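Computed from a prediction, not measured in an experiment: that's the story for all the values here.
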2 protein chains.
Amino acid sequence: MQYPSAWLQGASLGESIAGRLRLQIIGGEIEPGEILSENRIAEGFGASRSPVREAFRTLAGEGLIRLERMGAVVVGLELDAVKELYDVRYLIESFAQQRLASRDNAALIARLEQQIDGMKLAARYGDCVEFAHQDFSFHERIVEEAQHTRIRHLWTSIRSIVMTVILLTTEKEFERGESRMIEVAEKHRMVIEGLKSGSEEKIREVVRAYFDDSDATLGRSLY
Amino acid sequence: MQYPSAWLQGASLGESIAGRLRLQIIGGEIEPGEILSENRIAEGFGASRSPVREAFRTLAGEGLIRLERMGAVVVGLELDAVKELYDVRYLIESFAQQRLASRDNAALIARLEQQIDGMKLAARYGDCVEFAHQDFSFHERIVEEAQHTRIRHLWTSIRSIVMTVILLTTEKEFERGESRMIEVAEKHRMVIEGLKSGSEEKIREVVRAYFDDSDATLGRSLY
DNA sequence: AACCTGTAAGTTGTATACAGGTATACCGGT
DNA sequence: ACCGGTATACCTGTATACAACTTACAGGTT
């Protein structure tokens, strides 16, 4: 398993190492409880400690590892942890949408619908990576549009993990066939309905429903 | 302005530098827009670039500075940004409390009440730092108790900032006299009421009220 | 047998060195 | 006066070096 190489374009060595470790940790190649040392990892990548150290700090910031006196212990991302992650996504997105509810969202909605169509197109062509990218971007756009610096910050702190999880689960869901993926794409319209309604209550409900459904999907695709 | 030295006990040089910079940034000594270079800061602290680099990453993770190709630009924490911070605190705490609502919280509540009394005691003795510490710990305990790894992680990402803001605002509020501080301490009982009720609706309402009131306080104490 | 101690290997935190890139200021040409 | 090119100083990313600390273990002591 590997990131689309485009994602690592222009990244520093440190970011690149963080990316690969992230994938190995989330993918389960590196197991929770394992202890990573800067030296060994550096040697493994044929790099020096500096970029590895930077990568460790990044991953610790994402909660994937925990820095201790002696070595970094892998926390990992079990099914329960992914559900927790989705709790946070729910909090962030429902907040963002409630913030958007009171303005004119015509342009945003048009853009989001375009991305749903992008997903469907990707589904028809069996392009799993592109589907995941559109899916991810859909949600990121909503957060971005809310123009709330702190919320955006919370988002960036889980951004990479969410991206990775979406990539992994999309790969698995693709195995269930094109019609299933069309269904997944269409599910996003629900969210748009919430936006259109402008009702705080409705938004909470719709976003909750969206992530509840995602939770169910998770059960199938992870482990 | 300075941290209680106890807070920096056992901290590495990097953490300590992060702490001092954080205080300078939030306190406004270093102004938003200013550009920090690793070299200059290192020289200023009589240290090498390594710990400064680490400090920069920490502060960037907290959103206090933004790392760019050339230098780190100070984002700062204006009044609006603090209000955004409180939005996030609201999200985190209301979530945490809703999670707690369904269990038996007798022990927790006893502990929280003890901390309220601690605040009142600090108020009577004019011990501003202790008051801030108790106040901070009160909220941290709630988050901690929810036992939700991801939420706890969001909390740690703003923890230092919240601590600093509470410290600064408490200092300012202390000038308004002891009775005002007793009032602030008592305000926390409201939150406990929410916990006791166990009603999702009531909790949202109470926590919302708490932070709305805090927002008002902010207006007085910052800038 | 239990415990204490000294040593050796490994780890992090910090300092320093080097390479590649970027902005700035200055200088010559038009 | 203005524009373009170059030299220069500075900045970040990475590599390497060193010191202090932690851990594990072996061997001697009680």
Side-chain angles (χ1 to χ4, degrees), chain A residues 3 5-22 24-25 30-76 156 160, chain B residues 3 5-22 24-25 30-76 156 160:
Chain A
Y3 278 126
S5 59
W7 292 10
L8 296 173
Q9 201 68 326
S12 74
L13 186 51
E15 292 167 19
S16 150
I17 291 178
R20 295 190 212 206
L21 285 178
R22 184 184 301 118
Q24 289 182 347
I25 292 175
I30 299 180
E31 290 193 5
E34 201 167 327
I35 290 180
L36 305 174
S37 110
E38 296 177 358
N39 278 317
R40 280 206 321 279
I41 300 295
E43 197 176 356
F45 281 102
S48 77
R49 273 179 58 211
S50 308
V52 174
R53 200 176 167 75
E54 186 183 328
F56 275 23
R57 289 195 62 83
T58 301
L59 296 177
E62 295 172 359
L64 256 23
I65 65 179
R66 205 174 48 234
L67 266 31
E68 302 198 339
R69 325 272 173 108
M70 213 78 172
V73 339
V74 176
V75 174
T156 47
S160 299
Chain B
Y3 278 127
S5 57
W7 292 9
L8 296 173
Q9 200 70 326
S12 73
L13 186 51
E15 292 166 21
S16 151
I17 290 178
R20 293 191 214 205
L21 285 178
R22 183 185 302 116
Q24 290 182 346
I25 292 175
I30 299 180
E31 292 193 3
E34 202 167 324
I35 289 180
L36 274 42
S37 107
E38 295 177 358
N39 278 315
R40 279 205 322 278
I41 300 294
E43 197 175 358
F45 281 102
S48 77
R49 274 179 57 210
S50 307
V52 174
R53 200 176 165 76
E54 186 182 328
F56 274 22
R57 288 193 63 82
T58 300
L59 297 176
E62 295 171 358
L64 255 25
I65 65 178
R66 205 175 48 236
L67 267 31
E68 303 198 338
R69 328 225 188 133
M70 213 77 175
V73 340
V74 176
V75 173
T156 47
S160 299

Margin query: For B:R57 and A:T58, which I'm curious about, is there any donor-acceptor pair between the side chains at under 3.5 Å?
Written below: yes

Item checked: Least distance between heavy atoms, A:I35 atom then A:G71 atom -> CG2-CA, 4.1 Å

Next item on the list: Find the distance between CD1 (B:I41) and CZ (B:R20) and round it off to the nearest 0.5 Å.
Entry: 12.5 Å

Next item on the list: Would you indicate what B:S50 reaches in the nucleic acid, counting non-hydrogen atoms under 4.0 angstrom: base, sugar-phosphate, or nothing?
Entry: base

Checklist line | Test item: A:E54 and A:S12 side chains (from C-beta on) under 4.5 Å apart, heavy atoms | finding: yes

Notebook entry, point to check: Starting at CD of B:E38 and ending at P of D:dT14, how long is that distance when rounded to a whole Å?
Noted result: 12 Å

Check: Hey, is the side chain of B:N39 poking within less than 4.0 Å of OP1 or OP2 on D:dC11, counting only N and O atoms?
Finding: yes

Next item on the list: Would you please name every residue forming a side-chain contact (heavy atoms from CB on, under 4.5 Å) with A:R66, sequence neighbours left out?
Entry: A:E68, A:V73, A:V75

Notebook entry, point to check: On DNA chain C, which is the earliest and which the latest nucleotide, 5' to 3', with an atom closer than 4.0 Å to a heavy atom of chain A?
Noted result: C:dG10 to C:dT14

Notebook entry, point to check: In terms of the nearest nucleotide of DNA chain D, which residue is placed more toward the 5' end: A:R49 or A:G14?
Noted result: A:G14

Margin query: Are the side chains of A:V74 and A:L64 in contact, using a 4.5 Å heavy-atom criterion?
Written below: no

Check: Does any residue of residues 65-73 of chain A have a heavy atom under 4.0 Å from DNA chain C, and if so, which ones, in number order?
Finding: A:R69, A:M70, A:G71

Note to self: Within the structure provided, determine whether B:F45 and B:L13 are in side-chain contact (heavy-atom separation under 4.5 Å).
What the structure shows: no

Checklist line | Atom CD of A:E43: over 12 foreign heavy atoms under 6.0 Å | finding: no

